[in-house]
Amino acid sequence: MSGIALTAPYLDTDADQLAFTLGHPAREALAVRDLTVGGLDVQLRLLGASHQVFAGPVRETVACLPGFEGGLPDAAAQDFDDWNYQFGARVQHFAALEFSKQVAQIRSRSDEHPQALYGIFPGFPEAVTALIVERQSTGLSWRTWHTYPQSGQIVATHTRLEAR
């Protein structure tokens with residue numbers, strides 16, 4: 001799948017403004033992709049420089065949210081009914097040339113993946129939000145990337161949802 005040219009303007013935010021929540025209601029999305037992966041309904045949602053993933057009982061949000069302090073946890077875990085949820089995030093800083101290479105790899109990986117969704121902001125080809133979901137032996141995993149060209153930051157998250 002190729003990237004979606006988003007119509008919303010790119011906002012000059014950074015990784016420190018992102019908050020992590022579970023169970024947050026659906027927010028207005030710039031793009032949505034509905035999938036069934038491993039028998040579970042999954043919805044990938046682009047929210048500007050952020051995302052939501054709804055998978056089975058999980059409603060994961062990584063976004064700039066009013067009333068929520070920014071800063072992503074390195075790790076989080078929770079049990080949902082018969083599922084174990086594990087989330088991890090990291091923020092990396094890159095010099096300009098390496099940042100461009102990393103963004104190109106994210107875009108290429110997303111282009112080649114059958115269960116991906118990613119958006120590119122107008123006028124900022126290196127401002128990308130990308131999501132990929134995959135089936136695992138006992139559940140699902142998904143990865144997301146949020147790129148911030150003005151600061152050379154890339155936020156990468158990895159989530160696993162496994163049957164218990």
Task: Full working for side-chain hydrogen bond (donor to acceptor under 3.5 Å, both in side chains) between E60 and Y85 - done: CA-CA 10 Å; E60 174 187 286; Y85 170 89; 2.5 Å; yes
Taking all non-hydrogen atoms of both residues into account, name the closest pair between [X] and [Y] and its distance.
| X | Y | result |
| --- | --- | --- |
| S50 | T129 | O-CG2, 3.6 Å |
| A15 | Q153 | N-OE1, 3.2 Å |
| T157 | A89 | CG2-CB, 4.1 Å |
| A8 | P122 | O-CD, 3.2 Å |
| R59 | A26 | NH2-N, 3.3 Å |
| A31 | I4 | CB-CD1, 3.8 Å |

Contact between [X] and [Y] at the side-chain level, heavy atoms closer than 4.5 Å - yes or no?
| X | Y | value |
| --- | --- | --- |
| L47 | L30 | no |
| R27 | L65 | yes |
| V42 | D34 | no |
| L117 | V32 | no |
| L131 | V53 | yes |
| Y148 | V155 | yes |
| V128 | F121 | no |
| L18 | C64 | yes |

Side-chain donor/acceptor of [X] to backbone N/O of [Y], under 3.5 Å:
| X | Y | result |
| --- | --- | --- |
| R143 | A156 | no |
| Y118 | S110 | no |
| S100 | A96 | yes |
| Q52 | P25 | yes |

What's the separation between atom [atom1] in [X] and atom [atom2] in [Y], rounded to the nearest 0.5 Å?
| X | Y | atom1 | atom2 | value |
| --- | --- | --- | --- | --- |
| L72 | Q17 | CG | CD | 11.5 Å |
| T147 | I120 | OG1 | CD1 | 9.5 Å |
| E162 | S141 | CD | OG | 9.0 Å |
| Q115 | H113 | CD | NE2 | 6.0 Å |
| T36 | R135 | OG1 | CZ | 12.0 Å |

Open item on the list: Considering only residues two or more places apart or on different chains, which pairs with a residue in residues 87-112 satisfy ring-ring contact (aromatic ring centres under 6.0 Å, His included)?
Closed with: F20-F87
TODO: Sort and list the pairs that fulfil ring-ring contact (aromatic ring centres under 6.0 Å, His included) and have at least one residue in residues 54-74, not counting sequence neighbours.
DONE: H24-F68
TODO: Step by step, work out the side chain to side chain contact (heavy atoms under 4.5 Å, CB included) result for L140 and E134.
DONE: CA-CA 6 Å; L140 307 176; E134 298 179 304; over 6 Å; no
TODO: Verify whether one side chain among Q105 and R107 offers a donor that lies under 3.5 Å from an acceptor in the other.
DONE: no
Open item on the list: Ignoring hydrogens and geometry beyond distance, is a side-chain donor-acceptor pair present between H158 and Q86 at under 3.5 Å?
Closed with: no
Task: Evaluation steps, side chain to side chain contact (heavy atoms under 4.5 Å, CB included), between L35 and V133 - done: CA-CA 9 Å; L35 302 162; V133 63; 3.6 Å; yes
TODO: For a salt bridge (charged side-chain N to carboxylate O under 4.0 Å, His left out) with R164, tell me which candidate from D81, D82, D79 qualifies.
DONE: D79
Open item on the list: Could you go through V62 and T144, starting from their C-alpha distance and side-chain angles, then the distance that decides it, and tell me whether this counts as side chain to side chain contact (heavy atoms under 4.5 Å, CB included)?
Closed with: CA-CA 10 Å; V62 171; T144 73; 5.8 Å; no
- [ ] Would you please test Q43 and R33 for side chain to side chain contact (heavy atoms under 4.5 Å, CB included) and show each step?
- [x] CA-CA 6 Å; Q43 187 174 75; R33 183 157 186 211; over 6 Å; no
Open item on the list: Between R90 and D74, does any NZ, NE, NH1 or NH2 come within less than 4.0 Å of an OD or OE carboxylate oxygen?
Closed with: no
